[in-house]
2 protein chains.
Amino acid sequence: MATQPVAAGRPATIHDIAALCGVAASTVSRALANPDRVNIRTRERIQAAAVELNYTPNSQAKALSSGRTGAVGVLVPDITNPFYFDLIRGTQLQLKAAGYTQLLVDTEESDEVEASTLEQLRKSADGVIVAASRLNDEALAAAAASMPMVTVNRDVDGVPAVIIDTPSAMPQALDHLISLGHTSVAYVSGPAVSQSSARRWAALSAAAESRGVDVRIIGPFAPKTQSGAAAADAAVHSGVTACIVFNDLIAIGMLQRLRERGLRVPEDMSIVGCDDIFGADFCNPPLTTMSSPIEQAGRVAVSMLLAQLNPLAGGGNRNRSVMPTHLTVRGSTGPASPN
Amino acid sequence: MATQPVAAGRPATIHDIAALCGVAASTVSRALANPDRVNIRTRERIQAAAVELNYTPNSQAKALSSGRTGAVGVLVPDITNPFYFDLIRGTQLQLKAAGYTQLLVDTEESDEVEASTLEQLRKSADGVIVAASRLNDEALAAAAASMPMVTVNRDVDGVPAVIIDTPSAMPQALDHLISLGHTSVAYVSGPAVSQSSARRWAALSAAAESRGVDVRIIGPFAPKTQSGAAAADAAVHSGVTACIVFNDLIAIGMLQRLRERGLRVPEDMSIVGCDDIFGADFCNPPLTTMSSPIEQAGRVAVSMLLAQLNPLAGGGNRNRSVMPTHLTVRGSTGPASPN
DNA sequence: ACCAGCCTGACAACCGATTGCCAAAATCTG
DNA sequence: CAGATTTTGGCAATCGGTTGTCAGGCTGGT
């Protein structure tokens, strides 16, 4: 089939179409962009020519003249953290559906990388989705003021956010442990700059107070399985019989460490994770954890961002969306040892 | 601190600098791009002004006029497959170090999505890294001819490739099983269009032949944990005592299924995975698998691509790089049951 | 048939750089 | 000190579109 234009290697431009149809380039631009600004007959000729020449608009040129880039940045602190997989997939799907390109950046848990990335993206993206930002509130608010932004798991005044409501599952988790007979529980905290960790701890300690059980905090720990060893040792040393852990990565690392030390889970120590990441269901023992619709969170974040970009398109401009979370009980929690 | 230019919201352009320094825009461009084309004094004035105005070049404009976009596409079949995490991180780090932006795309295991993505990237990226392509050889070669490309785990004539040499570890794996007394082994194959799976099977069956053991192939199976159930059932039904599995995802799924069915690993069935992904070390039992330096593979792929983009920069233009693989023995393999 | 007013499409400026070409200036040479 | 050579920096075209402005053609009303 000779559908390919005989033309040279150079891809077709708007000018080629114009020449072929005997009209001006601007007319071609209009015919393709806002079709009713152009006579239907001309338009059809142009569209036919565009198809024949296998025309695809040059996105750089479009971006340069229109100011819109058709790209959205997605910033995550650590690409290799499974928690972000589903989030990324959610944003990717929704962005693609809307005709946007996703620029995925791993900010390496660093506020500086995050800040410089945002600065760069100001010019090269129409907006950004920032997951688990490591920036302080001022910096984040400033960045949000300079370009459309949606945060995930980070609540800053005036910045639209998708919040994965893990704190609300904290009482559930605590009650679960209490019902198993635990009275002394540790919260294994995440990075000091993580708002998520702070919120989880706040919710947990409030719940503990109202129930009259002893909950202490240990940490902070980096959100990696490797941190699990230190966390496990700290937990054992603190004498608690159960831990609620900032995230599954650390929790899984703790599982491994406890096993190494000859301690049994859940007989000697119950562990509750957070996020229900890939692996939480098949680690040993399977991890009791808090689950939420992460991929959906990604999709919602994109929708909220697009609503900012096209204010006209209506759709009640929510600026805060909360994703539900629930406790998923598996094998890593059990009755407190009679001790 | 008032480092910020008093200037309006609009970010500084090359013209602002030119005006401030009383030179032409082209001079500014040169001063910043190839500094020795311009008098050192002028250059310093310009650089100072650039700093003062907080100038950052507009990447679209740069791309439009220079033809180079400063972006590299990275295509993976499934973002949520942990195998690609380290690869992605490797490419990201190396690309960032070289001043490139990574455009990460999930092609959803679909050749069509892959093809259309490549088409789009032709205009908006300087090159692409294609991992585990689902395209046929002709389509891939054609795409490679139209833009700089490096493949990962895909060998096509004339296309530079990084090959993760899992096949070379197949004899190791087989010998490991033989030494444990297994004489009847199944290869659990991956997607029919996966060249990796084909190569692994070829290596395995060759090794089996030379050793006189019985190896059969079952599958194909999609590279997801969910496929593990069907794979496990098929393996059990085939009567083998050990499986070498296309990848860890399927292997982990099999572990779960076998447990559900009341079969013990490794007592009733030994399982060898492939890739040593996140989770392989903490699943139950920990998975014997084949490991390679995946992140390094990503970095090498980028280096090879950059070598294509800047041919001058020297650096022996290899067009094929093989990453070593070795067997990592964990708990999922054990002596064959006397049966 | 005449004039107002709407359609249509062309012209040209512009987005923010890069780059070939050329002239003025500075330096070197004899 | 004149002529040759090298620097240095400006002009203007170009990349591929978008968009404001405007003139001419067509329509309709009277």
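Atoms considered below: every heavy atom in the structure, side chains included; atoms not considered: hydrogens, waters and symmetry mates. What you are looking at is a predicted structure, and each value in this text was computed from that prediction instead of being measured.
- Summarising the geometry, atom CG belonging to A:Asp126 is positioned 9.5 Å from atom CG belonging to A:Leu306; distances are rounded to the nearest 0.5 Å.
- Of all nucleotides in DNA chain D having an atom under 4.0 Å from a heavy atom of chain B, the first and last in 5' to 3' order are D:dT8 to D:dG16.
- You'll find that the side chain of B:Arg30 is closest to C:dG20, out of C:dG20, C:dG9, C:dA17.
- Note: A:Asn153 CG to A:Leu87 CG = 9.0 Å, rounded to the nearest 0.5 Å.
- Judged by distance alone with a 3.5 Å cut-off, no donor-acceptor contact links the side chain of A:Arg45 to the base of C:dG9.
- For A:Arg89 and B:Asp78, the salt-bridge test passes: some basic side-chain N is under 4.0 Å from an acidic carboxylate O.
- In this structure, the NZ atom of A:Lys62 is 18 Å from the P atom of C:dG16, given to the nearest Å.
- Contact of A:Ser26 with C:dC11 (side chain to base): a donor-acceptor pair of N or O atoms is detected under 3.5 Å.
- Using a 4.0 Å heavy-atom distance criterion, B:Arg68 is classed as a sugar-phosphate-only contact.
- For the atom pair B:Glu114 CD and B:Arg134 CZ, the distance stands at 8.0 Å (nearest 0.5 Å).
- What separates CZ of B:Arg41 from C1' of C:dA25 is a distance of 14 Å, to the nearest Å.
- Residue whose closest nucleotide on DNA chain D sits further toward the 5' end, between A:Thr56 and B:Val23: B:Val23.
- A:Phe83 places a side-chain heavy atom less than 4.5 Å from the side chain of A:Ile164.
- No more than 12 heavy atoms of other residues, nucleotides or ligands sit less than 6.0 Å from atom CG of B:Asp157.
- We find that CG of B:Asn39 is positioned 14 Å from C1' of C:dA24, with the value rounded to whole Å.
- Paired with A:Thr91 under the rule side-chain hydrogen bond (donor to acceptor under 3.5 Å, both in side chains), one option of A:Glu295, A:Gln102, A:Arg299, A:Lys96 passes, and it is A:Gln102.
- A:Thr13 comes within 4.0 angstrom of the backbone, heavy atoms only, and of no base.
- For the pair A:Asn58 CG and C:dA17 C1', the interatomic distance rounds to 14 Å; values are reported in whole Å.
- Checked against C:dA17, C:dC21, C:dA10, the side chain of B:Ile14 finds its nearest nucleotide in C:dA17.
- For the pair B:Gln60 CD and C:dC14 C1', the computed distance is 16 Å after rounding to whole Å.
- If you find the closest nucleotide of DNA chain C to B:His15 and to A:Arg37, the one lying nearer the 5' end belongs to A:Arg37.
- Axis angle across the helix from C:dA1-D:dT30 to C:dG30-D:dC1, with five pairs used at each end and values rounded to 10°: 30°.
- Atom pair B:Leu64:CG and C:dC15:C1' shows a separation of 9 Å (rounding to whole Å applied).
- Here the CD atom belonging to B:Gln92 is positioned 5.0 Å from the CD1 atom belonging to A:Ile79, to the nearest 0.5 angstrom.
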Item to check | Worked verdict on B:Gln120 versus A:Thr56 for side-chain hydrogen bond (donor to acceptor under 3.5 Å, both in side chains) | outcome: CA-CA 8 Å; B:Gln120 193 202 321; A:Thr56 20; over 6 Å; no

